[in-house]
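Take a look at the structure below.
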Amino acid sequence: MSERGHGQVRRSQVITTYGPGALIDLPKHSAIVGGLDYWPNEKVLSPIDEPRLSKKLEVITGLANPRLYAPPAEGSRPGEKGPFIRVSRFPEWFVVREESTTGEFERSRRMVHRKALTKGRFEGLHVVATRFVRACTNGHVDDIEWRTFAHRGPTPCRRQLWLDERGTSGDLADLSVRCECGVETRSLDAATVLDPPALLYCPGKRPWLGEDAREDCGLPSRLLVRTATNAYFPQVVTVLSLPERGAAIDLVVTELWDELQYVSVASELDYVRKKPAAARALSGWSADEIRGAITRRLAGPGAERALKLVELDALLAVPEGYGEDVPIDPNFHARRLPEHVWRGAARAARGGVSFPSGGGPSFDSSRSIEGVIQVHRLREVMSLIGFTRFEASTPDQHGEIDTDVVRAQLATEPRWFPACENRGEGVMVLLRPSAVKEWSERPEVIARVNSLLGAYGHWATKRSVQRPHPGGPYVLLHTLAHLLLQALAMRCGYPASAIRERIYSDHEQERYGVLLYTGSPDAEGTLGGLVQQARHIEEHLADALRQAALCSNDPICAQHEPESSMEERWLHGAACHGCTLVAESSCEMRNDYLDRALVVPVIGHPGAAFFSG
């Protein structure tokens, strides 16, 4: 373990990129980030309070009352040393930049173990860690047994190993390992064979938890490039700190339970509300909300509500206004923008709601858009609970993490989880439920969604995924969010990579919305550039739909059939980097479940669009 600071990362990067178990390149070393057992003591870390997130982590991890702490911060004074996150050197095999050239495009480099570096044999020569290690889908990682690999099995040979490289591509087929004993050279391309595994079976090593930390595994070891993007996928749970209106009325009903437990009809509730004490306690709550709380109390404790559904309740309950009043809650302040404000903005600018000159059918926002919400202040809390390698695990449409995925642990016995909080602003666009229902019943839409479902079946079968497809309305909302995000970035003052999405698709209660927001740590808010664009949402929507109508890769992009995808893009319809894909830091689904054909008319599929005139 290192006792000196060798590099710096932002605190938020510890949650999203360089958490425990991540492979990281420091200025002079290659290392693996230590687990929570090697972090500073909780007493010197800053606690983060978010009860709803803690409760959700308790359900996911089984840890009772898990606590949240922010990663350690750099010292505030010049030269002051703050607490460090300890790291271990990894891997332990190196390549010496002592080139033996045998031809114009052929090079040989000596391969040595870390123990050989302590004897001063390679003073003055540049030594770098090998870029190949072995790992498994359980998150374990270890050095490749290079001598065993070169000799195709266990061997007592301790002669010098060389890494031979031909050509300039760096492809595995052009790399081979050679031993001076004269055994036949073996190509690194052979390391990708899994039956039987050329890199043997996984010994279950977890070097981020200590040199001797391991657990039973036995899966085939797979070749992993330690700097590749599939070397570390953080599993992050994110919530917005929103007031949970349902929880407040539940407390009121609990206090008045002696009088409310027998209420079954409206007249009985009216009688209870005539009593002074009950009238004061129940003021501000509608009869439907009170009866709903009574029903929940009678039903007893049930399943924990999904993260996004609770957030959607809070967002839809905000009053109408302009947000100019002083926020009572610094973590959340939102107002539904009056309809005449945001509908009139585009008309005044263009004399009508339609695509700008350049093509595309017109659309009527009064038929498709139900409302716009300005979120003037919000607080986002993100917590890292584990990680995977090779395959990422994404939340479902309601923000729930799969509990059956193999998640590598952050500590030997976790007691807490690292978290960070961001504060910012956002804009929420609500689709009209009747329009979504009418759209989803059209034959062209049903055919297109069935095609997406069939392709999803291929993807799920190959990866043994049990989660159902999020559905056509979710793909519509998700694609619309990407298109609108790119349009907003042109004028709101924030780059597209700084804007994030949160999709709300509640098919049971027919509630559909898209929240685009931005946030930053250590700030009370942002500058208002994004939230003020709500007044011009029709204009941004028109720009987004016009740009989406024709992709620079059309007709190839528009006519992509997900079910017959040769490149296995089963989760994409008409979507590519030229039109729909955005930075993965902005997307909640890693750029999956996208299809322009469900949003605007595209070449070959003109009848499935939600915005079709």
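In this text, all values refer to a predicted model and were calculated from it rather than measured experimentally. Note that these values count all heavy atoms, side chains included, but never hydrogens, waters or copies made by symmetry.
Side-chain atoms of S30 come within 3.5 Å of backbone atoms of F90 as a donor-acceptor pair (strictly under, hydrogens ignored). Within the 3.5 Å criterion, the main-chain N or O of G471 finds a donor-acceptor partner in the side chain of H469. Side-chain atoms of D396 come within 3.5 Å of backbone atoms of H398 as a donor-acceptor pair (strictly under, hydrogens ignored). One N or O on the side chain of W39 and one on the backbone of G34 form a donor-acceptor pair closer than 3.5 Å. Without hydrogens or angle criteria, D142 side chain to G204 main chain gives no donor-acceptor distance under 3.5 Å. Side-chain N or O atoms of Q486 include one that pairs as donor or acceptor with a backbone N or O of C579 at under 3.5 Å. Side-chain atoms of R596 come within 3.5 Å of backbone N or O of A548 as a donor-acceptor pair. Using a distance-only test at 3.5 Å, with no hydrogens or angles considered, no donor-acceptor pair links the side chain of H482 to the main chain of L581. Panel note: side chain R569, backbone A575; a donor-acceptor pair is recorded below 3.5 Å. The backbone N or O of A574 lies less than 3.5 Å from a partner atom in the side chain of D595, making a donor-acceptor pair.
Put simply, CG on L515 and CG on L240 are 6.5 Å apart, with the number rounded to the nearest 0.5 Å. Rounding to the nearest 0.5 Å places OG of S221 at 4.5 Å from CZ of R134. Within the model, atoms CZ of R158 and CD of E180 stand 14.5 Å from one another, a figure rounded to the nearest 0.5 Å. Taking OG of S586 as the start and CG of L516 as the end, the distance is 9.5 Å to the nearest 0.5 Å.
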- Message: Between D212 and K205, is the salt bridge (charged side-chain N to carboxylate O under 4.0 Å, His left out) condition met? List the steps.
- Response: CA-CA 8 Å; D212 300 323; K205 286 191 176 182; over 6 Å; no
Would E92 and K115 count as a salt bridge (charged side-chain N to carboxylate O under 4.0 Å, His left out) here? Give the steps.
CA-CA 8 Å; E92 296 195 336; K115 295 179 180 179; over 6 Å; no
- Go through E42 and R415 one step at a time and tell me if the side chain to side chain contact (heavy atoms under 4.5 Å, CB included) criterion holds. CA-CA 10 Å; E42 300 99 293; R415 304 185 307 273; 3.0 Å; yes
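Side-chain contact of H605 with R448: a donor-acceptor pair under 3.5 Å is present, judged by distance alone. For the residue pair Y504/Q397, the side-chain donor-acceptor check at 3.5 Å is not satisfied.
Taking the six-membered ring for Trp and the full ring otherwise, the centers of H478 and Y593 sit at least 6.0 Å from each other. Taking the six-membered ring for Trp and the full ring otherwise, the centers of F233 and F387 sit at least 6.0 Å from each other.
A cation-pi arrangement is found for R389 relative to W208, the charged atom lying closer than 6.0 Å to the ring centre and inside a 45° cone about the ring normal. Taking the ring axis of F390 as reference, the NZ or CZ atom of R222 stays within 45° of it and closer than 6.0 Å to the ring centre. Both tests pass for R186 against the ring of F149: distance under 6.0 Å to the centre and angle within 45° of the axis.
Within a 6.0 Å sphere centred on CG of N41, other residues, nucleotides and ligands contribute more than 12 heavy atoms. Surrounding NE2 of H577 are at most 12 heavy atoms belonging to other residues, nucleotides or ligands under 6.0 Å away.
The shortest non-hydrogen separation linking R590 to P234 is NH2-O, 4.0 Å.
Salt-bridge check for D25 with R226: passed, with a basic side-chain N closer than 4.0 Å to an acidic carboxylate O.
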